[in-house]
Amino acid sequence: MTVAVEFSSVSRHFGAVRAVDGVSLQIAEGAFFAMLGPSGSGKTTCLRLISGFEKPTAGVIRIFGEDVSDVPPNRRNVNTVFQDYALFPHMNVADNVAYGLMVKGVGRAERLRRAEEMLAVVKLDEYGGRKPGQLSGGQRQRVALARALVNEPRVLLLDEPLGALDLKLREAMQDELKALQQRLGITFVFVTHDQHEALSMADSLAVFNEGKIAQIGTPEEVYARPATRFVADFVGSSNVLPPDMTQRIGGPAAWSSLRPEALRLAPAEGAALAGPVTALRYLGAGTRVQISTGSTEVAAFVPAGQPLPLPGQNVGFAFDAADLHVMDRA
Ligand code: ATP
């Protein structure tokens, strides 16, 4: 495996704020790597450290094996797509896309040819003459993508690039971005606070919490086997069970998680988890049924079409022992 980006014990502190705190990670060449975490957890600072707009307070960053401590942003072969796209409003789309090539001194005819080529890749070949203000949000997003890709970066950094789009367009762009990344084979590093987006798009992801990586792995690993309570809670909406409860339902005395979709409705008598229904939330594909077990609220996902209990009714939840995930680190 060729490593595109490597962090070795990297920190970036701003006075007392530990924006990034002792992060080590490796991103494989050609990967779609997501950095997921709540607001302020250090994701954007990590991107800026890769692009070179920010310098580490400690640690070393390597891009394709080269220590980039003394390499300025314009020599890193890395480009960024920003959430607000940062397009030049007075330039037409073709000139926006060709901008990076102009800065590099590529002649006008050649850079416009390459811009047209890249606009075709993002399916905007007819739009070169328009101004950004005459495009939809999704089209502007694609222009921003083309503008970064025309420079042929080895690593493309994307900072919440779909954040400004409505849900429908966002989902369409997720598919497009993923397909484009696979076709071009460029390493993508994608920042998002949307767990669904990270899980559905990434080959591998890092979950950030307070400047540290809480877990790193494939979407399946992180979703099914969260390392900590924070990850279980943040990635999907798992039930997090304290040690005494884990023990009561047949596990060891340790924190554990149970995915709502692993729970089935069962008669209250004899069920491992039982109690009155405290909430029913309709989610389209099913309903989230929440019960109070006394100390802890536990939710099950009941697929559409199955009979539902009434609020206040005493029900039980059953599950397969294999679905009880005991967390290594609480
Ligand atoms: P968001 O999803 O809201 O963009 P994030 O995970 O990208 O959040 P960062 O932007 O990396 O988080 O910020 C991490 C922490 O570092 C925050 O507490 C932020 O206020 C702080 N921070 C970032 N840049 C600076 C700066 N230039 N000076 C001081 N503090 C900063």
Side-chain angles (χ1 to χ4, degrees), residues 5-27 31-63 68-69 72-73 76 78-87 137 140-141 144-145 148 155-167 170-171 173-174 177 187-202 204-217 219 222-223 226-237:
V5 179
E6 180 177 22
F7 278 42
S8 301
S9 307
V10 171
S11 293
R12 177 65 175 104
H13 297 171
F14 299 99
V17 179
R18 297 167 174 244
V20 174
D21 200 21
V23 164
S24 294
L25 58 79
Q26 290 192 335
I27 302 173
F32 197 122
F33 188 89
M35 293 182 171
L36 173 68
S39 185
S41 57
K43 311 176 299 287
T44 298
T45 305
C46 279
L47 274 202
R48 292 173 59 78
L49 286 164
I50 299 172
S51 61
F53 295 121
E54 205 66 76
K55 288 207 157 211
T57 338
V60 175
I61 297 171
R62 291 186 187 82
I63 299 178
V68 291
S69 302
R76 289 194 180 192
V78 163
N79 273 95
T80 307
V81 177
F82 299 99
Q83 175 172 3
D84 61 1
Y85 316 143
L87 299 176
R140 278 202 287 275
Q141 208 286 327
L145 203 58
V155 179
L156 186 69
L157 309 177
L158 303 111
D159 193 356
E160 301 260 4
L162 308 180
L165 307 179
D166 66 57
L167 181 65
R170 201 178 162 106
E171 286 175 350
M173 284 303 300
Q174 286 174 3
L177 256 187
T187 309
F188 275 30
V189 185
F190 188 99
V191 159
T192 181
H193 60 255
D194 179 334
Q195 40 279 58
H196 301 293
E197 194 160 282
L199 290 174
S200 65
M201 296 178 82
S204 170
L205 64 112
V207 184
F208 281 78
N209 184 25
E210 296 181 347
K212 294 188 167 66
I213 292 181
Q215 187 169 6
I216 198 161
V222 170
Y223 185 79
T228 68
R229 283 154 60 188
F230 172 81
V231 176
D233 213 33
F234 188 74
V235 181
S237 41

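Whatever order the structure lists ligands and atoms in, that order sets their numbers, starting from 1.
- Looking at atom 10 (O) of ligand 1, its nearest protein heavy atom turns out to be Thr44 CB, 3.6 Å.
- With Ser39, Gly42, Pro38, Ala19 as candidates, the residue nearest to atom 12 (O) of ligand 1 on a non-hydrogen basis is Gly42.
- When each atom of ligand 1 is checked for a heavy atom of Val17 under 4.0 Å away, the hits are 16 (O), 18 (O), 21 (C).
- Using modelled atom types, one side-chain atom of Ser24 and one backbone atom of Ser9 make a donor-acceptor pair closer than 3.5 Å.
- Nearest approach of Val222 to Ile216, heavy atoms of both residues: CG2-C, 4.4 Å.
- Contacts between His193 and ligand 1, counted as non-hydrogen atom pairs separated by less than 4.0 Å, are absent for every part of the residue.
- The salt bridge (charged side-chain N to carboxylate O under 4.0 Å, His left out) search around Asp233 returns none, not counting sequence neighbours.
- Of the possible donor and acceptor atoms, one in the side chain of Ser11 sits under 3.5 Å from a partner among the backbone N and O of Gly22.
- By the 6.0 Å contact criterion, CZ on Arg62 is enclosed, its count of non-hydrogen atoms from other residues, nucleotides or ligands being greater than 12.
- Among Gly40, Ala16, Gly15, the residue whose heavy atom sits closest to atom 5 (P) of ligand 1 is Gly40.
- Ligand 1 has no nitrogen or oxygen under 3.5 angstrom from a nitrogen or oxygen of Glu54.
- Not one N or O on the side chain of Lys43 forms a donor-acceptor pair closer than 3.5 Å with the backbone of Val207.
- To the nearest 0.5 Å, atoms OG1 (Thr228) and CZ (Phe234) are separated by 11.5 Å.
- Between the choices Thr192, Leu47, Thr45, Val20, the shortest heavy-atom distance to atom 9 (P) of ligand 1 belongs to Thr45.
- The shortest contact between atom 2 (O) of ligand 1 and any protein heavy atom is with Lys43 NZ, 2.8 Å.
- The protein heavy atom nearest to atom 27 (N) of ligand 1 is Phe14 CE2, 3.4 Å.
- Counting only heavy atoms, the protein never gets under 4.0 Å from atom 20 (O) of ligand 1.
- Taking every non-hydrogen atom of Ser41 and a distance limit under 4.0 Å, the qualifying atoms of ligand 1 come out as 5 (P), 6 (O), 12 (O).
- Judged purely by atom type and a 3.5 angstrom limit, Arg12 has no side-chain atom pairing as donor or acceptor with the backbone of Cys46.
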